[in-house]
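All chains are named by letter (A, B, ...) in the order of the sequence lines, taking the proteins before the strands, and each is independently numbered beginning at 1.
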There are 2 protein chains.
Amino acid sequence: MRVLVARCEIAYEGRLVTRLAPGDRVILFKGDGSVAVHNTKGAKPVNYMAGPTVVEEDGAVIRVRRAQSGELLTILLESIHADARHELEDGAALERDGRELQLHALIAQAPDLVEPGLVVVQRERPTDVGPIDFFCRDAAGTVTLLEVKRVKAVAAAVEQVVRYREQVERDPACVPVRAVVVAPEFAPQARALAATRGVECIVLDVAALRAGVAPALRLFDG
Amino acid sequence: MRVLVARCEIAYEGRLVTRLAPGDRVILFKGDGSVAVHNTKGAKPVNYMAGPTVVEEDGAVIRVRRAQSGELLTILLESIHADARHELEDGAALERDGRELQLHALIAQAPDLVEPGLVVVQRERPTDVGPIDFFCRDAAGTVTLLEVKRVKAVAAAVEQVVRYREQVERDPACVPVRAVVVAPEFAPQARALAATRGVECIVLDVAALRAGVAPALRLFDG
DNA sequence: ATATACATGTCGAGG
DNA sequence: CCTCGACGTGTATAT
């Protein structure tokens with residue numbers, strides 16, 4: 001990894017064109033060909049390029065090309081504050097916990113906490129228009145479809161579950177079908193659309209769900 | 001800006017929980033409190049935190065806290081390869097050129113290239129469920145709504161224009177209403193849904209559109 | 001390889 | 001401040 005600290009001007013040409021007037025930046029050139037340009041603010045790079053690339057240094061100009069897409073990142077150096085190379089070893093991969101899949105696992109463990117009497121029949125049930133998160137039956141035995149959102153549900157989530165319902169309703173054995181969006185929060189448009197489409201909104205308290213699942217079961221999360 | 005190159009282990013707790021086993025990384029601590037952790041691969045940081053933060057160094061442990069959201073990034077140092085501070089000055093902002101807006105401009109210049117005889121009545125026409133990209137009339141005078149996608153259109157785009165159509169159809173003077181998605185490419189699910197919803201898909205050749213607009217007009221792109 | 005949906009998405013415009 | 005849709009989205013997963 002090369003860590004270059006320099007005053008420079010930057011241009012990018014790809015799907016769009018960007019220009020960054022002269023300023024001091026930290027530029028990382030990685031072994032896989034990727035490049036990240038950091039300015040003095042913000043956690044994410046202001047400019048970047050994914051690998052693999054060809055890096056071509058020509059005096060004060062560094063050109064980073066990506067042949068596949070025809071992208072070009074041009075760095076015009078004005079002055080160099082530091083320029084170091086480091087041999088870095090890192091075989092670790094980022095482990096994540098708390099994504100939508102894990103939320104699904106919690107619901108599968110404790111569907112009662114979504115609605116009393118709810119029973120999960122099938123997870124990720126495929127349809128022509130995409131997979132249904134949960135195909136369930138409620139306490140009365142009515143087919144109930146759940147669309148789960150980890151963050152705030154928007155109108156698109158409501159439309160998604162409506163599409164699923166249309167698919168499932170083609171099977172007369174299933175009707176009537178309840179369509180439900182489960183999320184910690186709902187955008188107003190999502191609630192409004194749900195009302196017109198006959199879709200139910202269930203607010204999910206994720207903390208309560210986690211607490212409600214027995215510790216012994218939670219061991220299997222990861 | 002502090003540039004720390006070190007072998008370390010990293011934990012993040014916030015909207016989700018992540019862990020990164022020991023390895024060599026480059027960590028940037030910026031003046032605005034943001035932190036970026038880069039591993040040996042990829043243009044984007046593997047872990048990060050937006051500012052403002054409080055950074056607390058306690059021997060081999062660095063804790064970065066964000067009070068607002070309760071996020072915590074913990075860096076457990078094993079060995080330090082380099083640790084430098086740089087006074088950086090950068091007042092420049094990233095300038096961009098070439099987003100969806102420009103595609104809209106091209107269509108507004110040459111609606112004939114979307115469909116012969118098409119006339120744009122209004123751009124970004126507001127409705128209760130969001131703005132319609134283009135409110136048009138076709139060669140026969142029929143109201144025609146365009147939803148434009150710069151990249152591949154998915155099912156959500158079809159549903160978007162269906163919602164707009166429902167709104168417009170409330171005005172009897174407008175019916176019948178054509179609903180059209182315009183994109184360079186369509187996902188199969190989008191085409192399938194469009195068929196069931198009576199929505200038309202028009203494939204847009206952006207290169208041809210650019211070529212079809214006179215050079216004198218194209219000067220006004222930027 | 002293609003298609004699909006998730007993401008610590010992140011960002012910016014508009015009400 | 002909240003809501004919403006675009007993004008150089010990127011990335012993982014299933015087909």
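Atom-to-atom, CD1 of B:Ile132 to P of D:dC4 comes out at 17 Å; the value is rounded to the nearest Å. As a whole-Å value, the separation of A:Asp32 CG from D:dT11 P is 10 Å. Atom pair A:Tyr12:OH and D:dC7:P shows a separation of 13 Å (rounding to whole Å applied). A:Glu95 has its CD atom 18 Å from the P atom of D:dT11, to the nearest Å. Between B:Lys44 atom NZ and D:dT11 atom P there is a gap of 7 Å when expressed in whole angstrom units.
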Reading nucleotides 2-7 of chain C 5' to 3', which nucleotides get B (base under 4.0 Å from a protein heavy atom), which S (sugar-phosphate only), which -? --SSSS
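Considering only heavy atoms from C-beta on, A:Leu103 comes within 4.5 Å of A:Leu209 through its side chain. Proximity of A:Val162 to A:Leu193: side-chain heavy atoms (C-beta onward) are nowhere separated by under 4.5 Å. When side chains are defined from C-beta on, B:Ile107 does not count as touching B:Asp133, because their heavy atoms never get closer than 4.5 Å.
Contact between the side-chain N/O atoms of B:Tyr48 and the OP1/OP2 oxygens of C:dT10 is found at a separation under 4.0 Å.
With P as the reference atom, C:dT4 and C:dT8 are 22 Å apart, rounded to whole Å. D:dG8 and D:dC4 have their P atoms separated by 22 Å, given to the nearest Å.
When the side-chain hydrogen bond (donor to acceptor under 3.5 Å, both in side chains) test is applied to B:Ser69, the partners found at least two apart in sequence or on another chain are B:Glu71. Partners of B:Gln122 under the side-chain hydrogen bond (donor to acceptor under 3.5 Å, both in side chains) rule, at least two apart in sequence or in another chain, are B:Arg125.
Near DNA chain D, defined here as any heavy-atom distance below 4.0 Å, there are no residues from residues 68-75 of chain B.
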Pairs under 3.5 angstrom only: tabulate donor-acceptor contacts from the side chains of residues 147-157 of chain A to other protein residues two or more places apart or in another chain.
unit_1   : atom_1 : unit_2   : atom_2 : d
A:Glu147 : OE2    : A:Lys149 : NZ     : 3.4
A:Glu147 : OE2    : A:Gln160 : NE2    : 3.3

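Crowding of A:Leu101 atom CG: a count of heavy atoms from other residues, nucleotides or ligands under 6.0 Å not exceeding 12.
Nearest-nucleotide assignment on DNA chain D puts the 5′-proximal partner with A:Arg66, out of A:Arg66 and B:Ala43.
Using a 4.0 Å heavy-atom cutoff across all strands shown, B:Met49 reaches no nucleic acid atom at all.
Screening residues 21-36 of chain A for side chain to side chain donor-acceptor pair (under 3.5 Å) gives A:Asp24-A:His81, A:Arg25-B:Asp90, A:Lys30-B:His38, A:Asp32-A:Ser34 as the qualifying pairs, with residues at least two apart or on separate chains.
Salt-bridge formation is detected for the pair B:Arg2/B:Glu57: a Lys NZ or Arg NE/NH1/NH2 atom is positioned less than 4.0 Å from an Asp or Glu carboxylate oxygen.
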